[in-house]
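Please read the structure below before turning to the comments.
Computed from a prediction, not measured in an experiment: that's the story for all the values here. Values below: every heavy atom of this structure, side chains too, minus hydrogens, waters and symmetry copies.
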Amino acid sequence: MKYRGVWMWVVLLLTTGAVQAQKKAVTDSVRVGNSVLTADDSTIVNGADTVRISEKKTAEIRKIIPRQATIRSAILPGLGQIYNGQPWKVPFVYAALGTEVYLIIDFNKKYLKFESAYRTAYEDKSTGENAKTAVVRIKRDGQWQDVRFGVAQLKTITDIYHRYRDLNVILMAAFWALNAVEANVAAHLKTFDMSDDLSMQVKPMLIPNLAGGPPIVGAKLTLTIK
């Protein structure tokens, strides 16, 4: 009777293990037609062909080198974003740079126009009501008009457009550099290890008492990144 009870327990344990294994097999896999999606190794099995999704994606991500993404974006804006597999960012890059190019050209045209008028007024040797003045064609209320400016006004306006043009040149260079930095950061984030190998442990420890008393009970937090 004693051995019979032992055998009954063995049979019961084996039966329970088989049932749990069957449940695990059912919950860890999904069958669609001839294809089976397995959760353990993230594979799709279709006849003799097996495609490992996680391994394929991991291999593609490992091919991304942050340094390469940075160099490509520094040479041609948007190229690093395409290299990172994020082409949707390219329109935003060129929208910012295109706006700066437009502003630089516009302010430079106005600067050259008023700078030429300023030189004309400054070198004017005539006397009378219009001495030391120059006429500049500008747009007012949606219409082009010829307006006469004095030499002091022309100098002030010339300096303003000169400053605006140079400021937008600096902003364009900043956007260009920012585009390269963004490509570098995105590449690092894509290759960042988010696997289950990250682990954290909390262990008790004794901290020496500098005052000479008994040690202090504390805890040690260990974060392991593999």
Value for CG (Leu97) from CG (Asn179), rounded to nearest 0.5 Å, stands at 6.5 Å
Quiz item: Under a 4.5 Å side-chain heavy-atom rule over Ile, Leu, Val, Met, Phe, Trp and Tyr, are Leu167 and Ile157 clustered together?
Solution: no
Looking only at heavy atoms, the pair that brings Tyr161 and Phe107 closest together is CD2-CD2, 3.7 Å
So do Lys110 and Arg165 actually touch side chain to side chain, heavy atoms under 4.5 Å? no
Greater than 12 external heavy atoms within 6.0 Å of Arg148's CZ
yes
Besides Ile170, the hydrophobic cluster formed by Ile, Leu, Val, Met, Phe, Trp and Tyr side chains linked at under 4.5 Å, directly or via other members, contains none
Rounded to the nearest 0.5 Å, the CD1 atom of Ile65 sits from the CG atom of Asn84 at a distance of 11.0 Å
Sorted by chain and residue number, the salt bridge (Lys or Arg N to Asp or Glu O under 4.0 Å) partners of Lys155 (sequence neighbours excluded) come out as Asp159
Q. If only atom types and distance count, is the side chain of Thr99 paired as donor or acceptor with the main-chain N or O of Ala95 below 3.5 Å?
A. yes
> Are more than 12 heavy atoms from other residues, nucleotides or ligands located less than 6.0 Å from atom CZ of Arg67?
Replying inline: no
Just checking Glu129: does its CD atom have more than 12 heavy atoms from other residues, nucleotides or ligands closer to it than 6.0 angstrom?
no
Heavy-atom closest pair (Ser126 atom, Ala131 atom, distance to 0.1 Å) is O-CB, 3.2 Å
>> Membership question, hydrophobic clusters at under 4.5 Å side-chain separation (ILVMFWY): are Val135 and Val147 in the same one?
In response: no
Rounded to the nearest 0.5 Å, the CD atom of Glu115 sits from the CG atom of Leu154 at a distance of 10.5 Å
Got a donor-acceptor contact below 3.5 angstrom from the Trp176 side chain to the Pro77 backbone? no
Shortest non-hydrogen pair, Pro66 vs Asn184, comes out as O-ND2, 3.7 Å
Taken to the nearest 0.5 Å, the spacing of Leu189 CG from Gln86 CD works out to 8.5 Å
One should read off an interatomic distance between Leu103 CG and Met172 CE, to the nearest 0.5 angstrom, of 11.0 Å
Taking every heavy atom of Gly78 against every heavy atom of Val90, the minimum-distance pair comes out as O-CG2, 3.6 Å
Heavy atoms of Ala121 and Lys132 approach each other most closely as O-CD, 3.2 Å
Inset, instruction - Before giving the answer on salt bridge (charged side-chain N to carboxylate O under 4.0 Å, His left out), spell out for Arg137 and Asp146 the whole-Å C-alpha distance, their side-chain angles and the decisive distance to 0.1 Å. - result: CA-CA 4 Å; Arg137 189 171 181 79; Asp146 292 331; 3.3 Å; yes
Value for NE2 (His188) from NZ (Lys190), rounded to nearest 0.5 Å, stands at 14.0 Å
Measure from the side-chain N and O atoms of Gln153 to the backbone N and O of Gly150, and report whether any donor-acceptor pair falls under 3.5 Å. yes
So ring pair (Phe, Tyr, Trp, His ring centres under 6.0 Å) across residues 71-106, not counting sequence neighbours, yields none
Quiz item: Side chains of Ile104 and Val101: closer than 4.5 Å at any heavy-atom pair?
Solution: no
**Asked** Are Tyr118 and Phe149 close enough that their ring centres sit under 6.0 Å apart?
**Response** no
Indicate yes or no: at least one non-hydrogen side-chain atom of Asn168 is less than 4.5 angstrom from one of Leu171. yes
Original post:
Judged by atom type as modelled, is there a donor-acceptor pair below 3.5 Å linking the side chain of Ser73 to the main-chain atoms of Ala180?
Top reply: no
Practice item. Tell me whether Tyr122 is reachable from Ile160 by hopping between hydrophobic residues (I, L, V, M, F, W, Y) whose side-chain heavy atoms are closer than 4.5 Å. Key: yes
Closest heavy-atom pair, Ala117 versus Val136, reported as atoms and distance to 0.1 Å, is CB-CG2, 3.4 Å
- Query: Is it true that Tyr111 and Ile138 fall in one hydrophobic cluster, defined by side-chain heavy atoms closer than 4.5 Å?
  - Reply: yes
Transitively linked via ILVMFWY side-chain contacts under 4.5 Å: Leu178 with Val185?
-> no
